[in-house]
Trainee: 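There's a structure below that I have some questions on.
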Amino acid sequence: MTGIPYTWEEGLVIMGIMMVMLVIAIGLSVWKKIGIAREYTYAMIRGGLQLFAAATLLYFLFEFEYWYYPIWLLLIAMALMGGYTSARRAGKMPKAYRITTPSILVGGTVVLIVLRVSGAMPFKPQFVIPLAGMVFGNAMTICSLALNRLTREFETNKPTLETMLSLGATPKEAMEEYGRMSIKAALIPNIDSLKTLGIIFIPGSMAGLLIAGTNPILAAEYQIIVYLMVIGGGIITSIMVIALSRRLLFTKAQQIAEWV
Amino acid sequence: MTGIPYTWEEGLVIMGIMMVMLVIAIGLSVWKKIGIAREYTYAMIRGGLQLFAAATLLYFLFEFEYWYYPIWLLLIAMALMGGYTSARRAGKMPKAYRITTPSILVGGTVVLIVLRVSGAMPFKPQFVIPLAGMVFGNAMTICSLALNRLTREFETNKPTLETMLSLGATPKEAMEEYGRMSIKAALIPNIDSLKTLGIIFIPGSMAGLLIAGTNPILAAEYQIIVYLMVIGGGIITSIMVIALSRRLLFTKAQQIAEWV
Amino acid sequence: MSILTIKKAKKMLGDARALRGLSLDLEKGEIISLVGPSGSGKTTLLRSMNRLIELDSGSILFQGENIADMDPVALRRKVVLVPQESVMLQGTVKENVQYGPKLAGAVGKCDVGRCLRDAGLSPKFAGKDAEKLSGGEKKRVALARALALHPEVLLLDEPTVGVDPKKVERMEGTILKFAREKGLTVVWVTHDVPQALRVSDRIANLKKGVVKEVTNASEFRWEGAY
Amino acid sequence: MSILTIKKAKKMLGDARALRGLSLDLEKGEIISLVGPSGSGKTTLLRSMNRLIELDSGSILFQGENIADMDPVALRRKVVLVPQESVMLQGTVKENVQYGPKLAGAVGKCDVGRCLRDAGLSPKFAGKDAEKLSGGEKKRVALARALALHPEVLLLDEPTVGVDPKKVERMEGTILKFAREKGLTVVWVTHDVPQALRVSDRIANLKKGVVKEVTNASEFRWEGAY
């Protein structure tokens, strides 16, 4: 009753076939000179190893009676890693982790508290860990998208920003429109998946429940609850990261920072 | 053995609490004037209804002996809907669905064939439907991001593009760098999630399997297989949509199209 | 009475020494031209004066107060820069002109038509989409936008480049007229020495980041310009 | 011998009628200035001539062939536009100059130093980051970039706006020199009537999208300019 249609050893063979496929796709991107092949390969190997390490850890954690002591460390580690990864997407922005980490931490924590209090997340490791992973993961993605877009808008629209400052706008007023655009752009993937929910997009966790043989209607209900929470966390994170980025994009004297 | 910690009726109450939370998050975005509240609310309601309709359909489909007749229609509908939704993200680009639909269709279909042939996807509805949903869903998201970025780069860099054309560049040569940037930006979310796999980000389907009580190590293996495929499909889709968008961004006389 | 005093201003831009200890004293109500070759620090000086950039050393006093101690927004509303590149903000010409007053909470006191006329544009332009104007028209909207703030000092960076030649003298005339009427201090960066002679009381000749010479316009010798 | 013939060219830009049936005939090897107020269609005409935009009606013949039937890339390598806004491509000045020849597969034949000198810039600029140059320097890089294509017709849109005044005449001189040496046809859009008089064989006076008058430069009367 695990839902997986083959044994662990057969799975390794299938994974080999998949690798060949992915090598072809990466070859395609090298050929098109997109410049992501190295990063992608690295991400893939790193991600794969991490996931197996995590799975092994989870395997023991699920059996461990006092699992709730180490779990707090795990959650904090998730937010820190998310902040660090997201900061690397902020282009030339120095010390971006100072704004990504608190944004992801706050967005994610608020959501987990609501999930716990409402009863949607029983206090058991097989609920807390996967849900926290989804919540922090989505917060990180949205944080990256928002920050990448915002720094790009600043690079492109420096003369416009300086014109606004010259006319007596504060940094907050000058960047308002760009901040809004960045938040909106970052939320696009979430809005898109929401709209096609059930039509194209059967979200991952519902897919996992279905593969494991759960009743589709119950799985859909659970998925919606999770979804609403994950998105809510994303909204909080994106608004926070844009608000916090102001003090890195501008100097105290309300000038555009030199690194832009 | 469904993994869900409450009954169907209790779930409705929990969902109510979630709604209140989301209303607060949306209120925050109204207050910040991000201009997505209406679209988000609409997406949420639509997505929720669709997911329940889909779940009901799946419920009967899973019981239906000749399920593989209607499933083809379902897959084609997924690609069409994905293309249509993604086209609406292309800004002012006219007839964008003509490029989003084939890109999503090809990217998704290649991946599903590989999944089937390799044995990772048994020919049963509870595998085919959720996996197709994930594959097409991710292809659509990447397609939207790539196209949104590309049209924005065109809007901002029109003088640069015209300078290149004036120096004898073909449209293909002139847009090459922007195309590359757009593909790269669109793949950022996937690369990011890959890198933090297992550390922050426990992907949805693995989360679903865990919640339903699957052995974590087996769940991780299955997740990696699915992930590699979903990303491969995204790469194919993004390269295709950028290549195809050239004939909408430029005229036959190698001028920048007037709608830009 | 001196309104702006620049003392030994130094500023590096990347690797280039843009200002190398520049000093200059501006009288209230005067119109002073800054002339000098590209890279002599004219634009950098203007941008320091409304604190779009910060000096590395030296100081700038506005009405006796070091601008480094002032609120930048308050300073920029009094010492208004019209940059060389006239970037239009999204929206109509009217919205552009009202942008500054709106932020200052004084949109009611802003007479858009008047500002446009002062800048040499017909008030009929108010409803047009600012981004679709010609280069010369944008220049004048940028000027009108600055005037709407009722500045005390106006920093003009090549205000007539790209303007129709037959309209240049009219534009000069309108700038001079309201400057004199309102006792405005004007710092006018230009490449065009005849223009400097036409419009200014004094001419400061910049070279390699310092003021080489300041003379009354009537005593300025063309040969000394570069 | 006429190298470019414009026949009854009409073009709408949005709601504005930019060209209203403009006709003009260019002789091979001549330098012709286009003068006229903002909005008279000068830039639109230039952009039609290298087919950056398509005419609504009328035709343009290049060496007797309708450009609408030519490969746009081939046309643009012979009829080269230097736009008013000098956008630098990413990279060094050298990479900018080599951009066109590289695409044409003729990078070996491109003498970067020579092109820069022809445009009035020192060859020492080759290694500099193009985006960090001053406005006037960018203008000259844009010109050098165009020359690197060995054009037959050069379309110059305000080529000296923003250039140091003392360097303007030198730049005019270098343009004239290589144009004469290579028998280049030059279409020179300018606001500056004295410049038009200095540089051109003929002057075409544009108004509201048509050519009002074409005269030899020596017969051109200033009063008729606008």
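Note on naming: letters A, B, ... go to the chains in the order of the sequence lines (proteins, then strands), and numbering restarts at 1 for each one.
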Trainee: Under 4.5 Å heavy-atom distance to chain B, tell me which part of A/Tyr42 shows up: side chain, backbone, both or neither.
Mentor: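 Only the side chain of A/Tyr42 comes within 4.5 Å of chain B.
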Trainee: Might you confirm whether atom OH of A/Tyr84 has over 12 heavy atoms from other residues, nucleotides or ligands at distances under 6.0 Å?
Mentor: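 Open: at most 12 neighbouring heavy atoms sit under 6.0 Å from OH of A/Tyr84.
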Trainee: Heavy atoms only, distances under 4.5 angstrom: which of B/Asn138, B/Ile235, B/Ile225 has the most pairs with chain A? Name it, please.
Mentor: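 If we count pairs closer than 4.5 Å to chain A, B/Ile225 comes out on top.
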Trainee: For chain A, which candidate among B/Arg149, B/Arg88, B/Glu177 shows the most heavy-atom pairs at distances under 4.5 Å?
Mentor: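 Highest number of pairs under 4.5 Å: B/Arg149.
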Trainee: Non-hydrogen atoms of chain B under 4.5 Å away: do they reach the side chain of A/Met229, the backbone, both or neither?
Mentor: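 Interface part for A/Met229: side chain.
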Trainee: Look at A/Leu194, A/Val117, A/Val226, A/Leu75 and state which one has the largest set of heavy-atom pairs under 4.5 Å with chain B.
Mentor: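 Top count of heavy-atom pairs under 4.5 Å with chain B: A/Leu194.
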Trainee: Determine the option with the most heavy-atom pairs under 4.5 angstrom with chain A, choosing from B/Glu39, B/Gln223, B/Lys124.
Mentor: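 Top count of heavy-atom pairs under 4.5 Å with chain A: B/Glu39.
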Trainee: For A/Thr141, is it the side chain, the backbone, both or neither that has a heavy atom under 4.5 Å from a heavy atom of chain B?
Mentor: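 Interface part for A/Thr141: side chain.
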Trainee: Any donor-acceptor pair under 3.5 Å linking the side chain of A/Ser205 with the backbone of B/Gly208?
Mentor: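 No, A/Ser205 side chain to B/Gly208 backbone: no donor-acceptor pair under 3.5 Å.
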Trainee: Check the pair A/Leu115 / A/Phe127 against side chain to side chain contact (heavy atoms under 4.5 Å, CB included), numbers first and verdict last.
Mentor: CA-CA 10 Å; A/Leu115 280 171; A/Phe127 287 91; over 6 Å; no
Trainee: Heavy-atom distance under 4.5 Å to chain A: side chain of B/Ile239, backbone, both or neither?
Mentor: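 Contact with chain A involves the side chain of B/Ile239 alone.
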Trainee: Is the closest basic N to carboxylate O distance between A/Glu176 and A/Lys172 below 4.0 Å?
Mentor: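 So A/Glu176 does not pair with A/Lys172 through a salt bridge.
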Trainee: Can you tell which of B/Thr156, B/Ile236, B/Ile231 has the highest number of heavy-atom pairs within less than 4.5 Å of chain A?
Mentor: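 Greatest number of close heavy-atom pairs with chain A: B/Ile231.
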Trainee: Knowing that exactly one of B/Ile104, B/Ile242, B/Asn148 qualifies, which makes a side-chain contact (heavy atoms from CB on, under 4.5 Å) with B/Cys143?
Mentor: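 Considering B/Ile104, B/Ile242, B/Asn148, a side-chain contact (heavy atoms from CB on, under 4.5 Å) with B/Cys143 is found only for B/Ile104.
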Trainee: Take a 6.0 Å sphere around OH of B/Tyr59 and say whether it holds more than 12 heavy atoms from other residues, nucleotides or ligands.
Mentor: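 Incorrect, the count does not exceed 12.
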Trainee: Assess whether a salt bridge exists between A/Arg180 and A/Glu153, defined as any Lys/Arg side-chain N lying under 4.0 Å from an Asp/Glu carboxylate O.
Mentor: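 Salt bridge: no.
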Trainee: Between B/Ile191, B/Leu58, B/Ile224, which residue shows the highest count of heavy-atom pairs closer than 4.5 Å to chain A?
Mentor: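 It is B/Ile191.
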Trainee: Under the side chain to side chain donor-acceptor pair (under 3.5 Å) rule, what pairs show up with a residue in residues 48-57 of chain B, not counting sequence neighbours?
Mentor: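 Side chain to side chain donor-acceptor pair (under 3.5 Å) check on residues 48-57 of chain B returns B/Arg46-B/Gln50.
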Trainee: What part of A/Val110 lies closer than 4.5 angstrom to a heavy atom of chain B: side chain, backbone, both or neither?
Mentor: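 Just its side chain gets close to chain B.
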Trainee: Could you tell me which of B/Ala207, B/Ala54, B/Ala243 has the largest number of non-hydrogen atom pairs under 4.5 Å with chain A?
Mentor: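 That would be B/Ala207.
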Trainee: With a 4.5 Å cut-off on side-chain heavy atoms, are A/Leu74 and A/Val128 touching?
Mentor: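 Heavy-atom side-chain distance check fails, nothing below 4.5 Å.
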Trainee: Give, as side chain, backbone, both or neither, the part of A/Leu145 having an atom under 4.5 angstrom from any heavy atom of chain B.
Mentor: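 Side chain only.
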Trainee: Highest number of heavy-atom pairs under 4.5 Å with chain B: which of A/Gln126, A/Met44, A/Met181, A/Lys184?
Mentor: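 Max contact count across the listed options: A/Lys184.
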Trainee: With a 4.5 angstrom heavy-atom cut-off, could you sort out which part of A/Leu210 is near chain B: side chain, backbone, both or neither?
Mentor: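 For A/Leu210, heavy atoms of backbone and side chain both lie under 4.5 Å from chain B.
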Trainee: Could you work out, with side-chain hydrogen bond (donor to acceptor under 3.5 Å, both in side chains) as the rule, every residue matching A/Ser144, not counting sequence neighbours?
Mentor: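 With sequence neighbours excluded, A/Ser144 shows a side-chain hydrogen bond (donor to acceptor under 3.5 Å, both in side chains) to A/Ser86, B/Asp192, given in chain and number order.
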